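Comments concern the structure below.
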Amino acid sequence: MIAGRQTGFGLALVALGVLGISGPSIADAPGAGGTMVEKPVTGEQIYRQICQACHLADGKGGAGAGKFPALANNPRMAVAAYPISVVTRGKGAMPWFSNMLNPVQVAAVVGYVRINFGNNYPAPVTEADVKQFGAPPPKPEE
Amino acid sequence: MDDINAPTRRKLFETIGKAGGMVALYQAMTSLGHAAETQFNGPPKLSGARKGSTVVVLGAGLAGMLAAYELTKAGYKVRILEFQGRPGGRNYTLRGGDSHTEIDGTTQKVEFSQGNYLNPGPWRIPHHHRTLLHYCKQLGVQLEPFIQLNHNAYVHNTDAFAGKPVRYKAVATDFKGHISELLAKSLQQNALDEKVTTEDKERLIEAMRGWGVLDKDLSYKSSLKVSGQRGYDQPPGAGLGGVPTPSNITTLHDVLDSKVWNTMSFYFSYVMQTTMFQPVGGIDMIGKGFAREVGHLITYNAKVSKIGQNAKGVTITYEDALTGAVSQAKADYCVCTIPLSVLSQLEVQVSDEKAAAIKAVPYSGQVKIGLEFKRRFWEEDESIYGGHSFTNQPISLVSYPNFNFFQKGPAVLLGAFASGANAYPLAGMTPEQRIEAALAQGEAIHPQYRKEYMNGTSVAWSRVPWSLGCCAQWNDESRKEHYQNMVSMDGRIVLAGEHASYYGCWMEGAMLSSIDAITRLHKRALEA
């Protein structure tokens with residue numbers, strides 16, 4: 001089972017960049033969708049392409065009927081395992097991103113957030129950390 | 001079906017019924033298209049609520065208003081608490097004069113001309129969504145066709161045909177023709193003899209010849225006959241110059257580059273098949289229809305903070321978003337339709353299992369962009385009337401208005417409908433940047449874009465303050481572990497909405513969920 005999960009995570013690597021669709025095929029969706037999204041490499045590129053959609057450009061999060069938590073000045077960034085877990089497993093309204101980002105990318109963006117937006121946790125985050133504390137994407141519904 | 005010896009359908013059913021009983025009969029009917037269109041069996045027939053029974057409904061979207069509408073008819077005293085200042089929830093339309101504010105306070109003023117609109121969320125209704133169709137009829141919501149499949153719209157792929165858009169009819173015909181040729185020739189060369197009988201082999205070759213428009217040698221080649229499907233260089237005319245000239249087919253290699261099969265298989269999808277409908281004037285006509293019936297029950301600008309219950313009833317704590325005043329609403333029962341993205345952040349007195357379910361389902365973040373142009377160049381210049389052009393760029397499609405054809409003056413098209421990995425980058429942009437992205441990508445399909453552009457409005461569901469996302473995203477594991485706990489009645493509280501259905505991201509799912517929830521609530525109330 002553990003070996004199987006590891007393989008699953010490896011496959012996510014291969015699938016990168018072609019995952020325009022999410023959710024079940026029965027949802028109202030745009031069809032095949034685009035495949036042209038530039039593959040982000042650095043932590044900052046990943047943050048701009050994905051995270052800031054909800055956590056905003058300044059990492060301060062947003063609010064309405066509920067909140068998107070601030071990543072800025074967030075003591076929960078101190079232990080890398082926490083953001084790694086949230087990025088790969090999701091939490092509440094936030095989806096898992098292990099179907100879009102490989103472990104290297106997850107490490108890059110977690111590392112980026114940990115030294116920006118008022119956070120100061122310079123210890124590097126590695127692919128090995130992500131493989132240890134993260135999770136492969138769940139099986140989507142058919 | 002033109003075989004005169006074929007039994008009539010009724011005779012066939014009788015025979016099957018006798019031979020295999022009702023189950024076999026039902027299965028046969030289903031396979032012949034006679035049953036199982038939907039799980040909708042008509043509106044709930046609830047009556048005889050106990051005198052003085054009360055229900056508080058949280059959320060004035062379609063699930064909430066349907067619940068209020070039917071429970072009121074059953075005799076309950078109902079009130080609805082709604083976070084926003086309008087009814088409808090994600091059943092939402094933006095028109096000129098409206099404004100749309102995002103979670104960071106960014107506000108767009110919609111500048112569309114009179115009669116034009118953007119449906120940021122739901123926008124099309126399959127013919128088998130009979131719950132929704134039932135209530136549209138009941139509420140007097142006028143429907144018109146939603147042009148889904150348009151053979152004259154484009155397929156665009158940056159890696160095919162030098163990045164030029166091609167007509168769906170041409171490239172789909174070529175895909176079908178090339179594949180038919182390959183299959184027919186393989187059969188003829190006995191390559192598939194192990195797979196098909198001699199009789200079927202002959203029939204299949206004939207089928208490929210006809211379906212693929214192959215010539216006598218089973219080749220797919222440019223001809224007037226092929227042009228009769230993919231379009232002509234010069235279409236048939238009249239008089240001296242009336243003779244048509246055929247168009248040139250594209251190569252198999254180029255057709256594969258275009259990935260046209262994505263478009264073809266999209267139209268095969270159960271929920272995308274024609275006929276589809278849309279309300280005349282905007283999708284929010286459905287919410288407005290419900291609001292005509294139950295609008296007087298709604299308290300607007302009510303931000304719920306706590307959903308409590310005990311043996312005697314439910315107590316909802318909410319704040320008036322305009323005055324800051326905190327109040328409580330009490331009732332015997334609660335139908336909660338608040339999206340899980342929000343509900344998971346509230347204090348809710350339910351079992352640990354239901355609380356876990358509420359926190360287990362993340363939300364998607366689609367992006368739609370409406371662009372207003374000075375004229376309908378897609379109609380006037382390109383003979384495209386409704387439907388979609390698909391592209392492999394992040395905007396994913398350009399979708400044309402399905403009403404007011406041939407009208408002069410400004411019109412709004414859908415310049416992007418992005419989901420998943422395509423949506424987040426657009427959602428993270430400012431409204432101005434999103435418009436620029438939609439124009440830059442869209443002009444690869446329609447060079448008229450820049451010259452004719454007037455204004456645009458975008459909705460990034462990741463940044464919608466009142467829903468914090470678009471639709472619930474279940475997966476195999478969460479469905480197994482949490483679905484039953486999500487929909488179960490927990491004391492005096494039951495959840496409803498698209499998230500509490502197997503029909504996620506559709507209005508039909510929200511409404512089916514609501515009917516199921518209130519039917520169980522009513523049963524429980526009568527048993528209590």
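Heavy-atom basis, side chains included; hydrogens, waters and symmetry copies ignored. What you see is a predicted model; the values in this text were computed from it and never measured. We name chains A, B, ... by the order of the sequence lines, and we start the count at 1 in each one.
With a 4.5 Å cut-off on side-chain heavy atoms, B:Ile103 and A:Leu56 count as touching. Within the 4.5 Å cutoff, side-chain heavy atoms of A:Asp28 are placed close to those of B:Phe417.
The two residues A:Ala53 and B:Tyr424 come nearest to each other via the heavy atoms CB-O, 3.7 Å. Closest approach of B:Lys303 and A:Ala65 over heavy atoms only: CE-O, 3.9 Å. Considering every non-hydrogen atom in both A:Pro138 and B:Asn475, the closest pair reads CG-ND2, 3.3 Å. Looking at every heavy atom in both residues, A:Glu141 comes nearest to B:Arg479 through OE2-NE, 2.7 Å.
Between the CE atom in A:Met94 and the OG atom in B:Ser462 there is a gap of 11.5 Å [rounded to 0.5 Å]. With values rounded to the nearest 0.5 angstrom, B:Met429 atom CE is found 12.5 Å from A:Arg48 atom CZ.
For the set B:Lys259, B:Met272, B:Glu498, B:Gln441, the entry with the most heavy-atom pairs within less than 4.5 Å of chain A is B:Met272. Between chain A and the options B:Gln84, B:Glu102, B:Arg124, B:Lys359, heavy-atom pairs under 4.5 Å are most frequent for B:Arg124. Of the residues considered (A:Gly90, A:Gly62, A:Gly66), A:Gly66 shows the highest number of contacts with chain B, using heavy-atom pairs under 4.5 Å.
Side chain of B:Arg463 to backbone of A:Cys54: no donor-acceptor contact under 3.5 angstrom is found. Between the side chain of B:Gln345 and the backbone N or O of A:Lys67, at least one donor-acceptor pair lies under 3.5 Å.
Heavy-atom distances place the side chain of B:Trp506, and not its backbone, under 4.5 Å from chain A. Residue B:Tyr363 touches chain A through both its backbone and its side chain, counting heavy-atom pairs closer than 4.5 Å. Contact annotation for B:Val361: only backbone heavy atoms (N, CA, C, O) come within less than 4.5 Å of a heavy atom of chain A. Within the 4.5 angstrom heavy-atom criterion, atoms from both the backbone and the side chain of B:Leu468 approach chain A.
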